[in-house]
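Lettering follows sequence order; numbering is per chain, from 1.
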Amino acid sequence: MEIRVQEARFDAGAELTAFTAAAEGAGAVVSFTGITRDVTGGLRHMEIEHYPAMTERALADIRAEAIGRFGLADAWIIHRHGRLAPGETIMMVLTAARHRADAFAGAEFLMDYLKSRAPFWKKEVTDAGENWVASRDEDEDALRRW
Amino acid sequence: MEIRVQEARFDAGAELTAFTAAAEGAGAVVSFTGITRDVTGGLRHMEIEHYPAMTERALADIRAEAIGRFGLADAWIIHRHGRLAPGETIMMVLTAARHRADAFAGAEFLMDYLKSRAPFWKKEVTDAGENWVASRDEDEDALRRW
Amino acid sequence: MTLQVLYFAWVRERIGLGRETVETDAATVADLVEELKAREERYAAAFAQPGALRVALDQTLADFDAPLAGVREVAFFPPMTGG
Amino acid sequence: MTLQVLYFAWVRERIGLGRETVETDAATVADLVEELKAREERYAAAFAQPGALRVALDQTLADFDAPLAGVREVAFFPPMTGG
């Protein structure tokens with residue numbers, strides 16, 4: 001349950017419920033959900049490619065690092081690949097800790113690493129054509145704070 | 001739906017689902033859930049007292065401030081009062097924004113203000129007796145970063 | 001002036017009631033606290049360390065030197081522990 | 001040495017394939033890139049700005065000056081955009 005890379009949709013609310021039940025004894029649970037946005041107004045769908053042999057390992061490493069660094073009671077990562085319609089949930093991270101500061105920091109750390117260090121690539125298919133989403137300098141900068 | 005202060009239990013997963021559906025167009029959704037922890041090992045239950053005439057206004061002010069400051073697409077606050085068993089959900093905040101940094105900052109801001117500026121008081125009823133939870137210096141310090 | 005005075009959490013428990021009507025000519029919150037302390041031992045105990053308390057005037061947080069003119073409801077309570 | 005070489009995202013699209021077996025004596029990733037660029041225009045186009053690319057050796061991120069000795073799988077791709 002800790003790490004899932006899947007093409008199928010998932011129910012973020014149900015995942016939060018399951019995670020919270022599993023993280024018994026933690027006082028603080030944080031979730032982040034990323035959703036396909038139609039920024040330009042013409043998005044038909046998004047395609048997410050990944051590197052299967054590397055993804056699992058990269059996510060396991062990121063998760064272990066987050067748990068160790070922030071003393072998390074638990075952490076889950078769920079990330080989809082394949083074709084996603086606008087408004088669909090792309091991914092989710094969940095963290096549990098005794099105190100809120102660690103749960104928040106753990107989730108932000110996971111997100112910063114997922115953005116720039118997990119082998120996923122997003123392509124937007126719009127009315128005007130296809131384009132690979134460019135990495136953002138802010139995302140690389142965000143890693144430096146950890 | 002934005003602010004609810006209630007004695008009844010609520011389903012954090014269902015709230016996340018409803019919030020995400022309502023915050024259409026936002027790319028990032030963050031949730032924080034606070035859960036009654038049995039820190040000492042002898043917790044029977046927790047009692048949360050509040051100041052009804054002030055609570056609604058304080059939460060509305062905190063919510064408006066968070067939305068304005070971080071450009072949130074939406075924010076919800078749900079907080080229980082009355083008697084809570086160990087493991088029950090005390091409260092939840094939800095934030096939605098275009099980008100993850102704002103959704104995270106908005107949720108942390110809401111939590112920091114809820115901890116020290118919303119008129120709730122927690123009492124722990126343990127095998128050894130009753131005691132009012134003391135405010136933590138870290139919680140007061142946390143406010144200074146905003 | 002007639003004030004509704006509210007007490008919460010351990011302040012309420014020490015004083016033994018959650019709400020009362022107080023007739024007073026106190027100019028500030030601090031003056032009101034002195035009046036209440038002079039009443040009975042349980043008030044003196046509750047207000048022994050005003051620095052440990054917070055006050056709200058008409059449901060808005062205020063300082064102990066705030067004036068009471070025009071105020072209808074004063075609430076005393078320990079630092080909040082929400083979230 | 002026989003390497004499995006993988007391409008992802010627009011690198012895959014420019015080169016026109018996702019995976020190939022490469023026989024090479026390249027000592028480092030940078031040497032391998034030079035060999036590939038010399039092959040055909042589509043490789044030269046894909047590797048025109050190596051600074052815009054990332055490389056993983058046996059599924060672990062590496063630098064372009066990393067040695068290839070003992071490596072079985074090399075993957076080239078643009079900066080990742082997960083999350």
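- A26(A) touches chain B through its backbone: at least one of N, CA, C or O sits under 4.5 Å from a heavy atom, while the side chain does not.
- When heavy atoms are compared at a cutoff of 4.5 Å, I35(A) approaches chain B by way of both its backbone and its side chain.
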Cross-chain donor-acceptor list, chain A and chain B, 3.5 Å limit, no angles:
unit_1  : atom_1 : unit_2  : atom_2 : d
G27(A)  : O      : I35(B)  : N      : 2.8
V29(A)  : N      : T33(B)  : O      : 2.9
V29(A)  : O      : T33(B)  : N      : 2.8
S31(A)  : N      : S31(B)  : O      : 2.9
S31(A)  : O      : S31(B)  : N      : 2.9
S31(A)  : OG     : S31(B)  : OG     : 2.5
T33(A)  : N      : V29(B)  : O      : 2.8
T33(A)  : O      : V29(B)  : N      : 2.9
I35(A)  : N      : G27(B)  : O      : 2.9
H99(A)  : ND1    : R136(B) : NH1    : 3.4
R100(A) : NE     : D112(B) : OD1    : 3.3
R100(A) : NH1    : D139(B) : OD1    : 2.9
R100(A) : NH2    : D112(B) : OD1    : 2.7
R100(A) : NH2    : D139(B) : OD1    : 3.3
D112(A) : OD1    : R100(B) : NE     : 3.3
D112(A) : OD1    : R100(B) : NH2    : 2.7
D139(A) : OD1    : R100(B) : NH1    : 2.9
D139(A) : OD1    : R100(B) : NH2    : 3.4

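- Between chain A and the options A23(B), G87(B), A107(B), heavy-atom pairs under 4.5 Å are most frequent for A107(B).
- The aromatic rings of F104(B) and F32(A) lie parallel to each other, with less than 30° between the two planes, well short of the 60° mark.
- In this structure, the side chains of M92(A) and V29(B) stay at 4.5 Å or more apart for every pair of heavy atoms.
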